[in-house]
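Report on one structure; see the data block that follows.
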Amino acid sequence: MPELPEVEVVRRGLARWVAGRTVAAVEVTHPRAVRRHPGGDADFAARLRGRTLTGASRRGKYLWLPMAGPGGPGSQPDEAVLAHLGMSGQLLVRPPGSPDETHLRVRFAFTDDGPELRFVDQRTFGGLAVVDLVDGVPEPVAHIGRDPLDPDFDDEAWVAALRRRRTGLKRALLDQSLASGIGNIYADEALWQARLHWARATDTLPKPKARLVMDAARAVMVEALEAGGTSFDSLYVNVNGESGYFDRRLHVYGRTGEPCDRCGSLIVREAFMNRSSFRCPHCQPRPRQARW
DNA sequence: CGAGTACCCTGTTGGC
DNA sequence: TGCCAACAGGGTACTC
């Protein structure tokens, strides 16, 4: 289940393997994969044919490949192929003729007859679309906040926005309009680092504690990124089809009943937002001021 | 508009 | 062994 660091690894792979190449043909083998594309699968393919992909960008977990205008490779991108990997999506670079993956959804062939780009997605929560760029950002991504790894991310603005909310801290961490790219795993790890409970009320959270949790979220992401992108199940594979590494040490996520790395208390799992939350009952006690 | 919930999807896991 | 419910979960659409 790719989170931001994994998506960044995929972006880097795409920049290396796909940027500068011209699309010869697109085959959609599962229409659900392009359900966000207004014109349907035939229109999706038609809009890509002959277009040159100029790079690879990302905000949070959204990835996009800007395309040179119909005028040719030199014209300014005004559209992009937008991708979201969902829970199980992969973007693979594969030699033409290599066997189709079981869950192959979209295939891009290029005019140089080089490696294909393949979108593979078992659970089809992810998808692709051709979208307009507005100030360089896909229109469907405009409502998503910058992510903590973005150089223009404003920590103090995030702290202020967080404290204007009247909700629980984890819910706010997962709110992609405040800050994008923080998923369930990273939220739990950041809360553990900051020694805060998922239900801590946001509106009364002291600013230094708010800064602490954002610093922790960023630190966990940077650590994962430096390790080459983490992966927590076999569904995630990077752009070249190599498995991500599996040995990164998580402190709480998925560790029910195991000892806390700080204090030895046994990690507990709780249901919240129809998801699992993991915490140390000693380091992250239930706050007096709780919301969820 | 802010807050909170249901749903989408399918392969895997675990209880009985 | 087989069956079925629970689970994984980001984003959207929806209600209140």
Side-chain angles (χ1 to χ4, degrees), chain A residues 1-8 10 29-38 58-64 82-91 101-106 119-129 131 137-145 147-148 158 160-191 198-205 217 221 230-237 244 246 250 252-257 268-278 289-292:
Chain A
M1 46 207 87
E3 299 220 26
L4 185 148
E6 291 88 340
V7 178
E8 173 60 16
V10 174
T29 55
H30 195 311
R32 187 176 153 76
V34 295
R35 68 193 179 286
R36 304 274 177 215
H37 182 82
R58 179 189 60 74
R59 175 175 290 189
K61 297 173 197 172
Y62 282 96
L63 276 171
W64 65 93
L82 179 64
H84 198 293
L85 302 179
M87 287 189 59
S88 53
Q90 304 170 22
L91 284 164
E101 291 74 11
T102 303
H103 302 292
L104 175 68
R105 307 308 189 196
V106 182
F119 179 67
V120 176
D121 191 4
Q122 173 196 100
R123 295 175 214 177
T124 62
F125 270 39
L128 307 179
V131 299
V137 176
E139 193 274 329
V141 179
H143 71 289
I144 298 290
D147 61 68
W158 179 83
L162 178 82
R163 297 173 82 250
R164 281 195 296 270
R165 293 297 176 91
R166 297 172 59 83
T167 187
L169 182 53
K170 182 169 177 181
R171 191 185 292 280
L173 282 173
L174 295 174
D175 185 336
Q176 303 293 299
S177 69
L178 291 175
S180 62
I182 301 174
N184 198 41
I185 296 170
Y186 287 80
D188 278 5
E189 293 296 309
L191 289 169
W198 51 264
R200 182 65 172 80
T202 52
D203 49 334
T204 57
L205 187 68
M221 288 182 182
T230 58
S231 176
F232 307 106
D233 68 31
S234 60
L235 290 172
Y236 171 71
V237 182
F246 290 76
L250 294 175
V252 284
Y253 188 84
R255 295 195 55 216
T256 308
V268 297
R269 173 186 176 277
E270 291 156 325
F272 165 66
M273 285 177 79
N274 287 321
R275 266 156 194 70
S276 293
S277 287
F278 301 90
Q289 300 183 61
R291 281 185 203 283
W292 62 92

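Residue numbers begin at 1 in each chain, while the letters A, B, ... track the order of the sequences. The basis for the numbers below is simple: all heavy atoms, side chains too, and nothing from hydrogens, waters or symmetry mates.
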Tell me the interatomic distance from [X], atom [atom1], to [N], atom [atom2], rounded to whole angstroms.
X: A:Asp203; N: B:dG2; atom1: CG; atom2: P; result: 14 Å
X: A:Phe272; N: B:dA3; atom1: CZ; atom2: P; result: 13 Å
X: A:Met273; N: B:dA3; atom1: CE; atom2: C1'; result: 10 Å
X: A:Leu174; N: C:dT12; atom1: CG; atom2: P; result: 14 Å
X: A:Leu173; N: B:dG4; atom1: CG; atom2: P; result: 14 Å
X: A:Asp175; N: C:dA13; atom1: CG; atom2: C1'; result: 15 Å
X: A:Ile185; N: C:dC7; atom1: CD1; atom2: P; result: 17 Å
X: A:Arg269; N: C:dA6; atom1: CZ; atom2: C1'; result: 9 Å

Compare side-chain N and O positions of A:His143 against OP1 and OP2 of C:dG11 and report whether any pair is under 4.0 Å apart. no

Taking only N and O in the side chain of A:Arg35, is any of them less than 4.0 Å away from OP1 or OP2 of C:dT12? no

Between the main-chain N or O of A:Leu128 and the side-chain N or O of A:Arg36, is there a donor-acceptor pair closer than 3.5 Å? no

A:Glu189 (side chain) donor-acceptor with A:Val252 (main chain) under 3.5 angstrom: yes

Nearest heavy-atom approach of A:Gly60 to A:Asp147 is N-OD2, 3.0 Å

Using a heavy-atom distance cut-off of less than 4.0 Å, which residues of residues 161-168 of chain A contact DNA chain B? A:Arg165, A:Arg166, A:Thr167

Residue pair [X] / [Y], side-chain donor-acceptor N/O under 3.5 Å:
X: A:Thr204; Y: A:Gln289; value: yes
X: A:Lys61; Y: A:Ser180; value: no
X: A:Arg32; Y: A:Thr124; value: yes

Short N-O contact, A:Arg105 and A:Asp121, less than 4.0 angstrom: no

Heavy atoms only, 4.0 Å cut-off, all strands: where does A:Tyr62 land among base, sugar-phosphate and nothing? sugar-phosphate

Side-chain touch A:Val7/A:Arg58, heavy atoms, less than 4.5 angstrom: yes

For a 4.5 angstrom cut-off between non-hydrogen side-chain atoms, does A:Phe278 reach A:Arg255? no

Readout for nucleotides 7-13 of chain B: B = base within 4.0 Å of protein heavy atom, S = sugar-phosphate only, - = neither; 5' to 3' it is -BBBS--

